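Please read these numbers as outputs of a predicted model, since none were measured by experiment.
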Amino acid sequence: MTLSLSLSRSRRVPSPPRSFRSFPVHLAMLAWAVVTALPLLWAVVSSFKTDNEILNDPWSLPSTPQAGNWARAWNEASIGRYFLNSLIVVGGALLLTMFLGALVAYALARYEFRGNRLIYYTFVAAMFFPVFLALVPLFFVVQQLGLLGTYQGLILVYAAYAVPFTVFFLHAFFRSLPGEVAEAAFMDGCSHGAVFFRVMLPMARPGLVAVAIFNFLGLWNQYLLPLVLNPDPDRYVLAQGLAALSVSQGYRSDWSGLFAGLTIAMLPVLIAYVAFQRHIRSGMTAGAVK
């Protein structure tokens, strides 16, 4: 009996090494990275080419980098104005979103009161509501408030769009924070507001940074809301400006200026992700582990 068991064990096929088992996953991730990064890299390279090089030799490097394409897109194509408009709208909406979202998430996570779960699940349900279904009533509401085509109107709508996800993300993060620290602060005479701003917010910094980056990426690329609520060409955000630029530059055959405008629009998103990717990972990991 012992001999047969030893023989069966000796005939058992050894399992492949772990690195070999993970090879298909790594290969799929590499393929996804190439598919994602190649169009971005091609757009950046094309922004330094002439129109003739883009049309006749699209996959080659520029013979002489044309830095004037960027200046032409920034000044003549009004990318600079659209960029400033986006900074104003997204910056204001991000500040308002983070302030309101953190307040609501903290109250729902740390205080028990009647209707707590109902309010929380209302925010969660709002995340799954398609925004295009609310465009018509939203248009009339903003118009009645006199905020159509204004920075304030877009900031308020952007914040309302991003608050549900912020509350959902930060709710779990605030629940994971140790309550003993808040109790010690109360015993030292801190008010509820002081505990929130001076104790809980600094402890929740990884989650705040992570959700702020996600909101920035989503709001910076927003197109549908400003298309409906921002008809003033002087207040176009980058997404609207690029759409208008693609039409005008296409008629003028200024493809190099169009690629330069696209690259300028992509830069803030790429810089934000590269600069804060460590904070995003740490915030996601902390919220999942705790």
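For Ser60 (side chain) and Asp57 (main-chain N/O), a donor-acceptor pair under 3.5 Å exists by modelled atom type. Remark: the backbone N or O of Pro58 is paired with a side-chain donor or acceptor of Lys49 at under 3.5 angstrom. When atom types are taken as modelled, the side chain of Ser86 and the backbone of Leu238 share a donor-acceptor pair closer than 3.5 angstrom. The closest donor-acceptor contact from the side chain of Arg175 to the backbone of Arg110 lies at 3.5 Å or more, if one exists at all. Side-chain N or O atoms of Asn69 include none that pairs as donor or acceptor with a backbone N or O of Gly257 at under 3.5 Å. Of the possible donor and acceptor atoms, none in the side chain of Asn116 sits under 3.5 Å from a partner among the backbone N and O of Glu112. Between the side chain of Thr150 and the backbone N or O of Leu147 there is at least one donor-acceptor pair closer than 3.5 Å. Using modelled atom types, no side-chain atom of Gln222 and backbone atom of Ala239 make a donor-acceptor pair closer than 3.5 Å.
Around OH of Tyr121, the count of heavy atoms belonging to other residues, nucleotides or ligands within 6.0 Å does not exceed 12. Atom CZ of Phe216 is surrounded by more than 12 heavy atoms from other residues, nucleotides or ligands within 6.0 Å.
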What do the steps show when you test Val163 against Val167 for side-chain contact (heavy atoms from CB on, under 4.5 Å), and what is the final call?
CA-CA 6 Å; Val163 161; Val167 171; 3.9 Å; yes
Would you sort out whether Glu53 and Ser63 count as a side-chain hydrogen bond (donor to acceptor under 3.5 Å, both in side chains), showing the intermediate values?
CA-CA 9 Å; Glu53 289 176 328; Ser63 57; 2.6 Å; yes
When you look at Phe259 and Val44, which way does the side-chain contact (heavy atoms from CB on, under 4.5 Å) test go after all the steps?
CA-CA 7 Å; Phe259 279 111; Val44 173; over 6 Å; no
What do the steps show when you test Tyr106 against His171 for ring-ring contact (aromatic ring centres under 6.0 Å, His included), and what is the final call?
CA-CA 6 Å; Tyr106 176 74; His171 180 270; over 10 Å; no
So Leu148 and Phe139, side-chain contact (heavy atoms from CB on, under 4.5 Å) or not? Walk me through it.
CA-CA 8 Å; Leu148 192 65; Phe139 173 84; 3.6 Å; yes
Could you walk me through whether Arg117 and Tyr120 pass the side-chain contact (heavy atoms from CB on, under 4.5 Å) check?
CA-CA 5 Å; Arg117 305 310 294 170; Tyr120 171 72; 3.7 Å; yes
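Under the 4.5 Å side-chain criterion, counting only non-hydrogen atoms from C-beta, Pro62 is in contact with Val45. Taking the side chain as every heavy atom from C-beta outward, Phe174 and Leu108 never approach each other to under 4.5 Å. Side chains of Trp255 and Ser46 form no contact here, defined as non-hydrogen atoms less than 4.5 Å apart. Counting heavy atoms from C-beta outward, Thr50 and Ser256 have side chains that stay 4.5 Å or more apart. At a threshold of 4.5 Å between non-hydrogen side-chain atoms, the residues Leu135 and Leu229 do not count as touching. With contacts defined as side-chain heavy-atom distances shorter than 4.5 Å, the pair Val124/Phe165 does not qualify.
Sorted by first and then second residue, the ring pair (Phe, Tyr, Trp, His ring centres under 6.0 Å) pairs with a member in residues 49-104 read Trp42-Trp59, Phe48-Trp70, Trp74-Phe83, Phe83-Trp220; sequence neighbours excluded.
Scored by the side-chain hydrogen bond (donor to acceptor under 3.5 Å, both in side chains) test, Gln66 finds no partners at all (sequence neighbours excluded). Among residues two or more places apart in sequence or in another chain, the side chain to side chain contact (heavy atoms under 4.5 Å, CB included) test is passed with Pro178 by Glu180, Val181, Met203. With sequence neighbours left out, the side chain to side chain contact (heavy atoms under 4.5 Å, CB included) criterion links Pro164 to Phe123, Ala126, Met127. Take Leu84 and apply the side chain to side chain contact (heavy atoms under 4.5 Å, CB included) test, not counting sequence neighbours, and it matches Ile88. Among residues two or more places apart in sequence or in another chain, the side chain to side chain contact (heavy atoms under 4.5 Å, CB included) test is passed with Asp234 by Arg81, Asp232.
By the rule that hydrophobic residues join a cluster once side-chain heavy atoms approach within less than 4.5 Å of another member, Leu227 and Val89 end up as members of separate clusters. Val157 and Val136 fall within the same hydrophobic cluster, where Ile, Leu, Val, Met, Phe, Trp and Tyr residues are linked whenever their side-chain heavy atoms come under 4.5 Å apart, directly or through other members. Tracing side-chain contacts under 4.5 Å through hydrophobic residues (I, L, V, M, F, W, Y), one reaches Met200 starting from Phe113; they form part of the same cluster. Hydrophobic clustering of Ile, Leu, Val, Met, Phe, Trp and Tyr side chains at less than 4.5 Å, counting indirect connections, unites Phe132 with Phe128. In this structure, Met29 is not a member of the same hydrophobic cluster as Val35, with clusters built from ILVMFWY side-chain heavy atoms closer than 4.5 Å.
Minimum heavy-atom separation, Pro226 to Leu154: CA-CD2, 3.9 Å. Nearest heavy-atom pair across Ala212 and Leu94 is O-CD1, 3.7 Å. Minimum heavy-atom separation, Arg235 to Gly149: CD-O, 2.9 Å. Among all heavy-atom pairs drawn from Ala159 and Leu96, the shortest one is CB-CD2, 3.7 Å. Heavy atoms only, all atoms of each residue included: Pro268 and Ile264 are closest at CD-O, 3.2 Å. Listed here is the closest heavy atom pair of Gly101 and Thr166: CA-CG2, 3.9 Å.
The CE atom of Met98 sits 5.0 Å away from atom CG of Leu208, with the distance rounded to the nearest 0.5 Å. A distance of 14.0 Å separates SG in Cys190 from CZ in Phe196, rounded to the nearest 0.5 Å. A distance of 9.5 Å separates CG of Leu217 from CG of Leu270, quoted to the nearest 0.5 Å. Residue Leu201 holds its CG atom at 9.0 Å from CG of Leu170, rounded to the nearest 0.5 Å. The line from OH of Tyr223 to CG of Asn230 is 11.5 Å long, rounded to the nearest 0.5 Å.
Exactly one of Leu225, Leu133, Val228 qualifies for a side-chain contact (heavy atoms from CB on, under 4.5 Å) with Leu138. That residue is Leu225.
For the residue pair Tyr158 and Asn215, no side-chain donor N or O sits within less than 3.5 Å of a side-chain acceptor on the partner.
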